[in-house]
Amino acid sequence: MRKNKVHEFEADVPAADLWGLYGTLRAAELLPELLPQVLAKIQLVSGDGDVGTILELTFAPGIPGLETYREKLIKVDNENYIKEAQTIDGDILKLGFLYYMVRFEIIAKGPSSSVIRSTIVYEINYETHPGLEAMVSTGPLAATAEKFAGYLKEQKIAQSS
């Protein structure tokens, strides 16, 4: 049975601006820079940022059981600002997850505010890996939302001065 965990972050940044990061490969370029304690690097394996693109993510040293994994973009909806990336190989699956997918939704609240909804959808065999669910955390996704919103606000300030 698949379960999910959701985090929502309200940002005083327009939805289109946020999607300019989340909906593109720019997110992969920025993440290791903005969250070096979580990700050491992200490499483009194949694709151009659209459905079918494969990325290899390398975690920062010191995260138990996690070094690298590959994810494939399975949905990039530029009209509704939704992006989904499914883990296809690597340490997340080796830990015992049967399915692991991250979804980002950017929801406009007004002309200059949005909600970043980050969802982890996962499936575990609880008989063989009963403690694995404790590893499912929206913490890194929450940190990403906060960092991306802050980055965009800084960029806007820099451009206006």
Side-chain angles (χ1 to χ4, degrees), residues 1-11 15 18-19 21-107 109 114-151:
M1 178 176 70
R2 290 190 180 162
K3 294 185 174 185
N4 63 53
K5 291 190 179 182
V6 180
H7 178 270
E8 291 190 353
F9 179 81
E10 289 196 32
L18 284 166
W19 188 248
L21 279 183
Y22 276 96
T24 67
L25 289 174
R26 182 74 178 121
E29 295 168 6
L30 273 179
L31 269 173
E33 179 184 322
L34 297 177
L35 289 170
Q37 70 277 19
V38 177
L39 288 167
K41 68 180 177 178
I42 300 177
Q43 292 179 283
L44 177 65
V45 176
S46 66
D48 59 3
D50 209 345
V51 172
T53 296
I54 296 175
L55 300 169
E56 182 168 283
L57 292 81
T58 302
F59 288 96
I63 299 176
L66 294 176
E67 281 185 44
T68 64
Y69 75 98
R70 286 186 177 196
E71 65 181 24
K72 181 178 187 176
L73 299 183
I74 58 172
K75 181 175 190 172
V76 179
D77 183 338
N78 291 311
E79 285 183 30
N80 297 303
Y81 299 158
I82 300 170
K83 183 179 198 174
E84 295 179 349
Q86 180 181 340
T87 299
I88 58 168
D89 187 28
D91 292 335
I92 288 176
L93 298 178
K94 289 176 188 170
L95 284 172
F97 285 95
L98 302 173
Y99 181 84
Y100 195 92
M101 189 265 297
V102 177
R103 175 185 305 118
F104 298 103
E105 297 173 74
I106 310 300
I107 303 155
K109 285 195 71 166
S114 329
V115 172
I116 303 166
R117 180 182 296 144
S118 307
T119 305
I120 300 171
V121 180
Y122 61 96
E123 187 173 345
I124 300 167
N125 181 334
Y126 290 96
E127 290 178 23
T128 57
H129 297 87
L132 194 56
E133 188 163 17
M135 286 193 70
V136 180
S137 170
T138 59
L141 303 179
T144 298
E146 196 172 321
K147 292 287 189 179
F148 278 5
Y151 172 82

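Note that this is a predicted model, so its numbers are computed, not measured.
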Pairwise side-chain contact, [X] with [Y], heavy-atom cut-off 4.5 Å (strictly under):
X    : Y    : value
H129 : L95  : no
T144 : I116 : no
Y99  : Q86  : yes
L55  : L44  : yes
Y126 : L132 : no
D50  : L73  : no
L141 : H7   : no

Ignoring hydrogens, what is the shortest heavy-atom contact between I106 and S114? Give both atom names and the distance.
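Closest heavy-atom pair between I106 and S114: CG2-CB, 4.3 Å.
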
Identify the heavy atoms of Q37 and I63 that sit nearest to each other, and give their distance.
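Scanning both residues completely, I find the closest heavy atoms to be O-CD1, 4.2 Å.
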
Taking D91 for the side chain and T68 for the main chain, is one N or O donor matched with an acceptor at less than 3.5 Å?
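Side chain of D91 to backbone of T68: a pair is present.
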
Using atom types as modelled and distance alone, determine if a side-chain donor or acceptor of K83 lies under 3.5 Å from a backbone N or O of Y22.
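Confirmed, K83 side chain pairs with Y22 backbone.
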
Output the distance between atom [atom1] ([X]) and atom [atom2] ([Y]), rounded to the nearest 0.5 Å.
X    : Y    : atom1 : atom2 : value
T119 : F104 : OG1   : CZ    : 9.0 Å
E29  : L21  : CD    : CG    : 10.0 Å
I88  : I54  : CD1   : CD1   : 4.0 Å
I42  : L25  : CD1   : CG    : 10.0 Å
D89  : K72  : CG    : NZ    : 12.5 Å
M135 : L66  : CE    : CG    : 4.5 Å

In sequence, state the C-alpha distance, the side-chain angles, and the governing distance for I120 and T138, and then conclude on side chain to side chain contact (heavy atoms under 4.5 Å, CB included).
CA-CA 7 Å; I120 300 171; T138 59; 4.2 Å; yes

With no hydrogens and no angle check, just 3.5 Å: does a side-chain donor-acceptor pair link Y122 and E133?
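E133 and Y122 do have a side-chain donor-acceptor pair below 3.5 Å.
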
Parallel, tilted or perpendicular for Y100 and F97, by the 30°/60° rule?
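Aromatic pair Y100/F97 classed perpendicular.
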
Parallel, tilted or perpendicular for W19 and Y81, by the 30°/60° rule?
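Parallel, since the angle between the ring planes stays under 30°.
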
K5, NZ atom: more than 12 neighbouring heavy atoms under 6.0 Å:
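More than 12 heavy atoms, drawn from other residues, nucleotides or ligands, come within 6.0 Å of this atom.
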
